[in-house]
Every structure is written in structure tokens, then in C-alpha cells.
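Starting from 1, each residue takes its place in the sequence as its number. Just so you know, ligand 1 is whichever comes first in the structure, and atom 1 is the first atom listed for that ligand.
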Amino acid sequence: MHRSFKVGVFDSGIGGLNVLSACIRLAPHLNYYYIGDNKHAPYGNKSCEEIYYRVSCAVELFKLIGIDAVVLGCNTATAVCVQRLREKYAFPIIGTEPAVAPAARSYRRPLVICTPRTAESARLKELIARFPNVSFTVAPMPKLAGEIERSLTCGKLPTIADHLPRGDYDCVILGCTHYAFVRSQIERFYRLPVFDGAEGTAKRLISLLDNKNIECKGRILGTIDHRYLDCKNKQKFAFLKGICLNNVTFLGESRDINEKIYKQMFVLQ
Ligand code: DGL
């Protein structure tokens with residue numbers, strides 16, 4: 001019998017729910033734990049040290065739970081700290097990156113919209129440098145993720161038009177997982193094909209499972225492991241209490257916000 005495989009998904013806030021959703025679509029029977037650090041979102045303008053510190057706190061929490069793999073459902077966290085985290089932890093850490101390669105296969109003038117920290121990152125620059133014949137425009141959006149986070153968690157629709165740059169582009173790459181919530185608005189605004197990295201991240205999780213010979217399709221691997229959530233040492237583990245919804249457990253201070261948005265965006269649609 002397979003033991004249950006636990007995947008921790010992290011984002012600064014609600015954006016990673018889009019990555020979680022893609023993972024669930026491809027691997028519906030794994031056990032997922034979601035942490036969105038909504039209280040400190042957005043991350044996109046924070047210093048790299050602060051981002052690393054906050055992401056590390058969440059990864060430590062995942063480690064306590066005995067997670068098998070971590071998915072950074074956050075381009076900013078990936079750009080700033082995936083390498084450092086991989087050096088520190090033994091479990092696999094999968095990042096989310098702008099879908100530069102899929103876009104570059106068919107388009108010559110992609111617009112990449114992302115947070116300032118992602119825009120200036122060496123990872124994005126290296127990714128783009130692999131396609132010297134493609135002319136990318138990287139546009140840092142200092143306020144868009146925050147606007148999406150604030151509006152949606154207050155039950156409102158975000159306004160995006162003021163944030164988006166105008167120019168001669170032939171496709172748009174969403175370089176921040178929050179933007180997937182306004183994908184159709186972005187499509188309407190530009191009338192161009194839109195690329196999103198969530199699916200690619202989910203595929204990397206699947207290939208990791210394949211390598212470990214873990215079945216993830218059509219078979220229930222196990223139920224949610226509540227050992228850590230019901231631990232006798234309440235004091236120490238109180239912060240690990242989660243809200244469970246099918247095979248997803250929402251953890252952290254703002255677990256209720258993420259659970260609410262998850263239900264609205266994915267379950268009840
Ligand atoms: N959702 C995140 C990303 O993919 C972070 C946005 C933010 O907190 O600024 O970059």
C-alpha cells in the first residue's frame with residue numbers, strides 16, 4: 001500500500017490557489033497543505049531577505065508536518081529563494097516560473113508581467129536569455145498583485161486596466177500567480193494569447209511523482225494525515241491546526257481566507 005504523499009503549496013497569499021488547483025487537476029488524490037501568507041502579502045516589493053525569511057517560516061511548518069514535496073506557488077518566492085531553499089532542505093522544492101519557453105515557441109514579442117522582485121531576478125533574466133531571437137518586454141507591476149489580493153479577499157472584483165502597460169506585443173505571459181484570477185480580463189484587455197505557468201508547475205510535480213513511482217491518477221493514495229493536526233501537545237502544534245476541505249488542508253494564520261477563496265474560485269464554480 002502506498003503511504004499518503006503530502007504536498008505543501010505556498011504563496012504570499014491567494015495566488016498559489018491557482019497552482020494548487022492545477023496540481024489537483026493533474027494529481028487529484030494527493031494530500032495538499034496550503035499556506036498563504038496573506039497577512040504579509042504582497043511580497044513583490046519586499047526585500048529579498050524578508051521574502052526568504054517569510055518563505056522559510058512556511059517551509060519549516062511544512063517540514064514539521066512531514067511533507068514529501070513543496071510547491072512554491074509563487075513566482076516571486078521562486079525567483080528570490082528556490083535555490084537557497086533547495087540547498088537547505090532534503091525534500092524536493094518545485095518552483096513556479098513564467099511560461100517563457102511555451103510562449104517563445106510560437107511568439108516573437110511577448111509581454112511578461114510580474115512583480116518587481118521577479119522582474120529584476122537573475123532567474124527570469126536567464127530564462128529569457130535562452131531565446132535570443134525573441135524580443136521580450138518585462139513589465140514590473142508594483143501594485144497589481146496587492147490589488148487582486150485586497151479586492152478578492154473583500155469580495156470585490158479588482159480593476160486591472162490602470163496597471164497594464166500598452167505596447168506592441170503578440171502574447172502575454174502571466175509572471176505572477178495572482179494574475180490568473182484576472183486572466184479573462186487580461187485577455188479582453190490585450191486580445192492576445194495569455195500564458196500561465198501553473199500547469200507547468202503541476203506537470204513538474206507529476207514527473208517527480210513518476211520518478212518516485214507514486215501513482216497519482218485514478219487511485220486514492222491515502223486520506224489526510226491528521227496526526228500532526230490533532231497532536232496532544234496543543235501548545236506547540238496549535239498553529240498547525242488546519243481547515244480541511246476534501247484532500248486540501250489550509251494552514252497558517254489566514255487559513256480561513258484561503259479556504260474561502262478556494263471554495264469560491266474552484267469548488268463552487
Ligand atoms: N503570487 C506571487 C507571485 O507569483 C506573489 C505576488 C506578491 O505577493 O507580490 O509572484
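Of the N or O atoms in Thr118, none lie within a sub-3.5 Å distance of an N or O in ligand 1. Of the N or O atoms in Gly44, one or more lie within a sub-3.5 Å distance of an N or O in ligand 1.
Here Ser12 has side-chain heavy atoms under 4.0 Å from ligand 1, and that is the only part of it that gets that close. Heavy atoms of Thr96 found under 4.0 angstrom from ligand 1: none, in either backbone or side chain. Looking at Thr115 against ligand 1, only its side chain comes within 4.0 Å, counting heavy atoms. Contacts between Pro42 and ligand 1, counted as non-hydrogen atom pairs separated by less than 4.0 Å, involve both the backbone and the side chain.
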### Full working for ring-ring contact (aromatic ring centres under 6.0 Å, His included) between Tyr262 and Phe250
CA-CA 10 Å; Tyr262 175 80; Phe250 294 89; 5.3 Å; yes

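Here is the list of ligand 1 atoms found below 4.0 Å of a heavy atom in Ala145: 6 (C), 7 (C), 9 (O).
With a 4.5 Å cut-off on side-chain heavy atoms, Pro165 and Tyr190 count as touching. In this structure the side chain of Leu111 never reaches within 4.5 angstrom of the side chain of Leu164, judged on heavy atoms.
Taking a cutoff of 4.0 Å between a charged side-chain nitrogen and a carboxylate oxygen, Asp170 and Arg108 do not qualify as a salt bridge. In summary, Arg117 and Glu49 do not engage in a salt bridge, as defined by a charged side-chain N under 4.0 Å from a carboxylate O.
For atom 10 (O) of ligand 1, the closest heavy atom belonging to the protein is Thr76 OG1, 2.6 Å. The protein atom (non-hydrogen) at minimum distance from atom 7 (C) of ligand 1 is Tyr43 N, 3.2 Å.
In this structure, Tyr43 and Phe10 have tilted ring planes: the angle between them lies in the 30° to 60° band. The aromatic rings of Tyr89 and Phe91 sit parallel to each other, their planes meeting at less than 30°, with 60° as the upper class boundary.
At least one heavy atom of Cys74 sits closer than 4.0 Å to an atom of ligand 1.
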